[in-house]
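So you know, we letter chains A, B, ... as the sequences are listed, proteins then strands, and number each from 1. Worth saying up front: this structure is predicted, and the values here are computed from it rather than measured. Side chains are part of it too, since the values below use all heavy atoms of this structure and drop only hydrogens, waters and symmetry mates.
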Amino acid sequence: MEYDPATIEDKWRDRWASEGWYEVDPDADQEATFVTVAYPYPNGAMHVGHIRTYTVPDVYARYRRMQGDNVLYPMAWHVTGTPIIGAVERLKSGEPEQLRILQEVFEVPEEDLEELETPMGFAEYFIENSYKRSMQLLGLSIDWRREFTTNDRPYQEFISWQYETLLDHDRLVKDTHPVNFCTNERQPVTTHDLLEGEEAEFQEYTLIKFDLDGTTVPMGTLRPETVRGVTNAFVNPDAEYVRARIDGEEWIVSEAAAEKLTLQLYDVEIESHLTGRELVGSTVTNPVTETTFPILPAGFVDADNATGVVMSVPAHSPDDWVALEELKRDPSRLDEFDLDPSILDDLDPITIIELAGFDDIPAKVVVEAHDIDDQHDPALADATQELYNREFHEGRLTDAYGAFAGETIEDIRDDFRQHYTDAGAFTSMYDFTEEVVCRCGGEVEVAQQDTWFLTYNDPDWQDRTLQVLDQVEILPAGSRDQFEHTIDWLEEWPCIRNYGLGTPLPWDDDFIIEPLSDSTIYMAYYTIAHHLESLDQSVDRHLFAEVFEEDGSGEFSRSLREEFEYWYPVDVRFSASELIANHLTFYLYHHAELFEEEHWPRGITSLGMGLVRGKSMSSSAGRVVLADKTVQEHGADTVRFFLLNSAEPWQDFDWRADPVSNTRSQLERFWHRAVELIDGPEGARELRPIDQWMLGRLQVAIKEATDAFEDYEMRRVSQIAFFELEDQLRWYRRRTDLDRPGAQWTVREVLRVRLLLLAPFIPFMSNELHERLTGIAAERAGWPTADDDLISPTRDAAETLLADLVDDISSIVDVTGTDPEVIRIYTAAEWKRSILEEVLDAEEPNQGRIISKLMQRERFRRRGDAVPGVVADVIDLVHERSRETLDALAGADELEMLEQARRFLEHEFNASIEIYREDGDLVDPADRAKNALPGRPAIHID
RNA sequence: GCGAGGGUGGCCGAGCCAGGCCAAAGGCGGCGGGCUUAAGACCCGCUGGGGGUAGCCCCGUCGUGGGUUCGAAUCCCAUCCCUCGCACCA
């Protein structure tokens, strides 16, 4: 019978759905297991990366179910935020790239595009046609009654409850924060809204408030500690500057800077305009050193960056060094500004950072090392980078710095800046590292905006979160450090946005709670979601207080609370490893704050990434493999098995077409062999040692697979169940006559157990075959338990001995090129067995010590020079085998073991087999018997 | 740059924490042979190099360089490379 996944898979999907196999409710008689995974963000189609993400929890859920647990695996849809809105806008404006991705990569038919023109229409389209459909095709054992989106009203009430509670707990504060701000649309924009400068970062410049006759001329720098090395300032003579009243002081900054400062919540009142030229030649005073220096003209000064006036530190900035050198070489440039060239004479670089290995001015050293002689040399950037890095990590401030002297820059920069900010000499502003342009064409600047923050840096909150972390089982184990580090490092987190889908901040509905902040405790919502969605309008936030905080008075809230308490906490949460630094840690934080210890998370398994042909997936590059399409092409079992068997959950996997079709043929072969067995005779439980060996290996496989499953090593489980047992079956088939009823019974038993072990991975095929074999579906038959009575180290040792013997005989046949008629096999003499025991008893198998010990006894002394050789060989042999095998061998009767395999050996080599004891009556024409060792019989082929 | 993880044979991947049984599991791929009219399936063997009419021997090998040790893929130091994260994109 052909393997036809389409038919089998349809059949089981229908049965699961129509009989509601995965719709679970609390049941006091069953242990609850709650498995969750990060809900998908349906701003595009589901691809193979998602398949792995959602199948891994399914496989675990199915395993726990077979272990007898009541398992809840729910699913919902995260639609919060701006990506969906952005995608819709790009579609509506007819952006070609967006149309191409939708139609060619996600394969949305032309006639469906209209549906996608509202945010929820867009989301629903991909939920229904891609995600949910693919998940159902894959046979994920999800309780679909609990499905919801984060835009649903009851969910928003839930989030409202969460945030009102957090506000009550003082975990939210209002403050300002830098954002991308489009100066054309006059509103904040996200990275997705940008045309240029997506990579740009905010940079916080320290503004050093130099004084010009009572007016402040602030100069932006990223290296405030160099303030004592300033010899002059540079201004762009042709740029526009303004004199303005800023926060009550008189400032001069570039025109562009004045606007930025306004956006950054400085109070700016422009009083007059001037050009840079008018500033040239002025003398300003350093607020830290009280020394004075001139402002010089420089065309390279970008008025659009920071304040448009820069300070010059020639000793430590290669740029400044070169600029000043050029000016000194050609002072005539100063002529047009009516400046006396002698002004340059006083500008000697001031070294204020000591750097080991530099005995001259550092900037000069690197400029000369890079052979740079003008400002346009591209090597200047490298030189600057090199010097900045070295000075930052290794440079120490000179004695002039008083309390800050002798420290590395890395260690004191922040303190230094803070000190002078407090003293009123410094302030700060943000700017981008490069030009940033909005999709609308408008210039984007950094603006300071009112925002609500979650105070993830509250020490008591951190402590409590660390307590949560302490009792969570984290896989892979190595990522625990990353959680700890994240908790330690997290600052306040701005948790709202100005627009997007989602829940408005309850006390200020101008703001929407952002996606990483509305997805921290929704696992609790799953436990009652199916009772809420139908109520919709009548659900309000107080209900959640009754369910999650205290026993409600109402019957309804009490029944909800019971359900919550039955399922909670989450036993294991699966999520991508890149979410450790935010989502997963937030998840711990919010549980620490909002739930009692008994409801804290129990386990987290972070998932690796998916690659397609060795590269990370990218919808814009078309490098995605659509989920529904690939499942239909290969069959759900094949896709599941490929993904689960190619890497452990936390490892990256690589999707390639060839290995997938290989997996398909492996499953086909398995199917054919199974069907043949099911249709064949049942056999009878009349077991020979070889059958018992096979059944013993099966028990070991059950144990190992179960242990691996408990550690979430799913790849290991499938390797054991599928490949390792297949190996052992191969040996078994070779070893015995399969027409015996005992053998027939054995192979059917092995099949039965393998179907159970494989059921979580390939549920369709396993259920189908198991039902045909036994009358019930595999997933309803329970996880197998090992029968220790069937495990026999002696039998295992006998098979190992035999397999080694077959190898040895084969290689002798190969090397000698003979086709033997008689094979004589000699088992080791009794005295050699004593040597094995002696070696096994020894703590350290030290040859000399063992020999001298043995030689004290007459029976060994009698054998004289044969003993040391045998001892050496036995020690080698001991090194090659497991302790268990050796112990079994030591007590075994090898002759008897071999006798039982006589027919097998005759058949293998098509020769007659003679078996002797080395120390018994024997035929030994070539004097080979003396080579026998315990566990390694001597051989003579003839 | 900072934080976390990783570099193993043609490929994937175990081993590393607890050093010796590691030329290094298993899978995939490749090669040779068997079975077959034939193909597929199935079975056997080989798959770093070289040698061998007795089950074996020799050389090289776990990113690179050094160290510890009688002994290192495994421990330590240095170095190079890769992946993820570094915050308002989810």
Side-chain angles (χ1 to χ4, degrees), chain A residues 38 40-41 43 78 80-84 86 177-180 188 190-193 198 201-202 385 388-389 392-393 410 451 453 456 476-486 488-497 514-517 519 576-583 606 608-609 611 614 616 645-648 650-654 656 658-659 662-663 665-666 668-669 672-673 715-716 718-720 722-724 726-727 730 733-734 804-805 807-818 845 875-883 886 908 926 928 931 936-941:
Chain A
Y41 202 95
N43 64 335
H78 200 196
T80 309
T82 56
I84 291 173
H177 185 74
V179 296
N180 295 332
T190 69
T191 311
H192 286 306
D193 299 319
E198 285 176 65
E201 290 172 26
F202 297 141
Q385 194 60 46
Y388 281 18
N389 281 343
F392 182 66
H393 296 291
E410 183 171 13
T451 299
F453 291 88
Y456 289 139
S479 55
R480 181 177 294 274
D481 286 351
Q482 216 179 328
F483 277 97
E484 274 175 25
H485 184 257
T486 302
D488 183 47
W489 154 95
L490 269 176
E491 300 288 339
E492 296 175 334
W493 179 266
C495 63
I496 54 171
R497 293 295 139 76
E514 63 85 37
L516 283 164
S517 299
S519 55
S577 51
E578 65 256 31
L579 296 181
I580 291 173
N582 46 55
H583 165 71
S606 49
M609 297 201 316
L611 306 173
S616 60
N645 188 56
S646 63
E648 294 293 359
W650 46 86
Q651 295 171 329
D652 296 349
F653 72 86
D654 189 10
R656 286 169 196 267
D658 280 0
N662 265 319
T663 303
S665 18
Q666 282 167 337
E668 271 173 23
R669 275 176 249 160
H672 288 300
R673 189 162 253 164
R715 174 179 197 265
R716 173 92 190 108
S718 67
Q719 293 264 336
I720 293 167
F722 201 83
F723 297 105
E724 293 188 13
E726 190 58 45
D727 259 7
R730 223 193 312 276
R733 289 188 202 106
R734 185 173 166 185
D804 290 348
L805 182 64
D807 265 0
D808 286 348
I809 295 172
S810 303
S811 65
I812 295 169
V813 168
D814 267 2
V815 173
T816 56
T818 47
I875 288 173
D876 280 349
L877 193 111
V878 164
H879 280 313
E880 282 166 15
R881 305 204 169 155
S882 74
R883 184 74 203 192
L886 290 164
E908 273 292 303
R928 302 284 182 194
N931 296 332
R936 192 169 192 247
I939 298 160
H940 173 230
I941 66 173

TODO: Sticking with atom C1', work out how far B/A73 lies from B/G15, rounded to a whole angstrom.
DONE: 8 Å
Task: Pairwise P distance for B/A23 and B/U74, with rounding to whole Å - done: 14 Å
Task: Phosphate OP1/OP2 of B/A90: any A/Thr82 side-chain N/O under 4.0 Å - done: yes
Open item on the list: For A/Asp654, give me all partners under salt bridge (charged side-chain N to carboxylate O under 4.0 Å, His left out), at least two apart in sequence or on another chain.
Closed with: A/Arg656
TODO: Name the closest nucleotide to the A/Arg928 side chain, picking from B/A54, B/C84, B/C86.
DONE: B/A54
Open item on the list: Treating primed atoms plus P, OP1 and OP2 as sugar-phosphate and everything else as base, which nucleotides of nucleotides 6-16 of chain B get B, S or - for protein heavy atoms under 4.0 Å?
Closed with: ------SSS--
- [ ] Please name all residues satisfying ring-ring contact (aromatic ring centres under 6.0 Å, His included) with A/Tyr41, sequence neighbours left out, ordered by chain then number.
- [x] A/His78
Open item on the list: Using heavy-atom distances to pick each residue's nearest nucleotide on RNA chain B, tell me which of A/His485 and A/Pro937 is more 5'.
Closed with: A/His485
- [ ] List for me each residue that meets side-chain contact (heavy atoms from CB on, under 4.5 Å) alongside A/Arg716, sequence neighbours excluded, and say none if there are none.
- [x] A/Glu648, A/Glu704, A/Ala708, A/Glu713, A/Ile720, A/Glu724
Task: Residue A/Glu578, side-chain atoms from C-beta onward, closest of B/G85, B/A54, B/G55 - done: B/G85
Task: By salt bridge (charged side-chain N to carboxylate O under 4.0 Å, His left out) - contacts of A/Asp727 (at least two apart) - done: A/Arg730
TODO: Pick the P atom in B/G5 and in B/U64, then give their distance to the nearest Å.
DONE: 22 Å
- [ ] Ignoring backbone atoms, test whether A/Asn43 places a side-chain nitrogen or oxygen under 4.0 Å from the OP1 or OP2 oxygen of B/A90.
- [x] no
Open item on the list: Classify A/Asp804 by what it touches in the nucleic acid, base, sugar-phosphate, or nothing, heavy-atom distance under 4.0 Å.
Closed with: nothing
Open item on the list: Looking at A/Gln666, I'd like to know whether one of its side-chain N or O atoms comes within less than 4.0 Å of OP1 or OP2 on B/C28.
Closed with: yes
Task: A/Pro494: partners by side-chain contact (heavy atoms from CB on, under 4.5 Å), with sequence neighbours left out - done: A/His177, A/Thr451, A/Phe453
TODO: Using only heavy-atom distances, decide whether a donor-acceptor pair under 3.5 angstrom links the side-chain of A/Asn582 to the base of B/A90.
DONE: yes
TODO: Give the B/S/- string for nucleotides 40-51 of chain B, one per nucleotide from 5' to 3', where a protein heavy atom under 4.0 Å of the base yields B, of only the sugar-phosphate yields S, and otherwise -.
DONE: -SSSSS------
- [ ] Please check the phosphate of B/A90 (OP1 and OP2 only) for any side-chain N or O of A/Arg497 closer than 4.0 Å.
- [x] yes
- [ ] Could you check A/Pro494 against A/Val815 and say which one's nearest nucleotide on RNA chain B is further toward the 5' end?
- [x] A/Val815
Open item on the list: A/Arg673: which residues meet the side-chain contact (heavy atoms from CB on, under 4.5 Å) condition with it, sequence neighbours left out?
Closed with: A/Glu726, A/Arg733
Task: Non-neighbouring partners of A/Glu514 that pass side-chain contact (heavy atoms from CB on, under 4.5 Å), sequence neighbours left out - done: A/Trp493, A/Arg497, A/Leu516, A/Ser517
